[in-house]
Amino acid sequence: MDVYFFFEWLDNSFLATMSKAYGGVFAVVQMFHLLSLALLGGTVLLADLRLLGVMLRDVPSRVVVASTQRWFDVALIGSLLSGIFMSSAVALKLYYNEMFWAKMASFAIGLVFVYGIRRPLLAFDHATLSPWVLRLVAVTSLVIWFTVAASGRWIGFS
Amino acid sequence: MSRKTLQRIAVGYGILVLAAAAWFWARQVQSVIELLRLAYG
């Protein structure tokens, strides 16, 4: 399925006009994008390193995971909305960028993983789950979100 | 979904993701090395 029409529409949209005409607005939105990414990365690191038993060992892993979930959702919505605005400024350029698609693919894989597997699985009592499965879930989560962040950064170099 | 089924899905998905990520990053690093070779010989 070709999604070029969406990028063409985005390039001609009101968002694109705003992001291209007002550098200040773009900078503020970019700041929110980076803050959202920092928050998202922070929640992922906290929960996954706890699952791996690297940090916060005196706090039950279920408490750490439950506390970070809401902030993860906030960060995800923030990064998504600000990301759409930012990409409107260079929509057609992004369409031809391989790393952009790598980021979108890993982002989609991350969403399926978080909401389809990780969250339902971690809703069970962690003591009843295999420790190796918990570790694999944590490593998978770290690798997915690292790939999202690193391929996003790589867009600037490619 | 039962706990056991979810655990199996998590293991399968995790292995697939880790293998795909290893392939993807190996490819990226390889392309950077090739670029550096072209630039510096």
Side-chain angles (χ1 to χ4, degrees), chain A residues 44 47-48 51-52 61-62 65 97-158, chain B:
Chain A
V44 167
D48 291 334
L51 286 176
L52 287 170
S61 58
R62 192 173 179 156
V65 168
N97 190 305
E98 190 188 331
M99 289 312 283
F100 172 75
W101 291 109
K103 180 180 176 171
M104 289 303 106
S106 46
F107 188 72
I109 289 167
L111 290 184
V112 170
F113 179 68
V114 168
Y115 295 105
I117 299 170
R118 189 178 184 275
R119 210 167 271 196
L121 184 70
L122 296 181
F124 289 104
D125 184 0
H126 294 189
T128 65
L129 300 170
S130 159
W132 287 106
V133 173
L134 285 177
R135 285 183 197 124
L136 182 66
V137 164
V139 171
T140 305
S141 170
L142 287 169
V143 167
I144 289 173
W145 296 110
F146 167 78
T147 303
V148 173
S151 52
R153 184 63 284 241
W154 210 296
I155 291 171
F157 303 129
S158 56
Chain B
M1 213 181 290
S2 78
R3 193 185 58 209
K4 213 169 186 175
T5 311
L6 260 174
Q7 284 195 108
R8 280 183 187 155
I9 293 171
V11 170
Y13 196 88
I15 290 169
L16 274 177
V17 164
L18 294 181
W23 169 79
F24 173 75
W25 285 115
R27 218 183 113 212
Q28 297 310 315
V29 170
Q30 202 178 356
S31 74
V32 170
I33 290 170
E34 277 170 20
L35 193 70
L36 289 172
R37 276 199 187 132
L38 277 172
Y40 300 106

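Chain A is the first sequence line, chain B the second, and so forth, proteins listed ahead of strands; every chain is numbered from 1. Remember, predicted model here, so these are calculated numbers, not experimental data.
Among residues 25-38 of chain B, the residues having any heavy atom closer than 4.5 Å to a heavy atom of chain A are, in sequence order, B:Trp25, B:Arg27, B:Gln28, B:Val32. Contact annotation for residues 102-112 of chain A against chain B (heavy-atom separation below 4.5 Å, listed by residue number): A:Ala102, A:Ile109, A:Val112. Residues of residues 142-152 of chain A lying under 4.5 angstrom from chain B, judged on non-hydrogen atoms, are A:Val143, A:Ile144, A:Phe146, A:Thr147, A:Ala150, A:Ser151 in numerical order.
With hydrogens and angles ignored, the 3.5 Å screen pairs no side-chain donor or acceptor of B:Gln7 with any backbone N or O of A:Val133. Remark: side-chain polar atoms of A:Asp125 are not paired, donor with acceptor, to backbone N or O of A:Thr128 under 3.5 angstrom.
For the atom pair B:Arg3 CZ and B:Thr5 OG1, the distance stands at 10.5 Å (nearest 0.5 Å). From B:Ile9, atom CD1 reaches atom CZ of A:Phe113 across 12.0 Å, with rounding to the nearest 0.5 Å. Note: B:Leu6 CG to A:Leu122 CG = 9.5 Å, rounded to the nearest 0.5 Å.
Shown here is B:Arg8, whose CZ atom has no more than 12 heavy atoms of other residues, nucleotides or ligands within 6.0 Å.
Using a 4.5 Å cut-off between heavy atoms, A:Trp154 contacts chain B through its side chain alone, with no backbone atom that close.
The shortest distance between side-chain heavy atoms of A:Arg118 and A:Leu51 falls below 4.5 Å.
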List the atom pairs, with distances to 0.1 Å, where a side-chain N or O of residues 134-141 of chain A and a protein N or O form a donor-acceptor pair under 3.5 Å, not counting sequence neighbours.
residue, atom, partner, partner atom, Å
A:Thr140, OG1, A:Leu136, O, 2.6
A:Ser141, OG, A:Asp48, OD2, 2.6

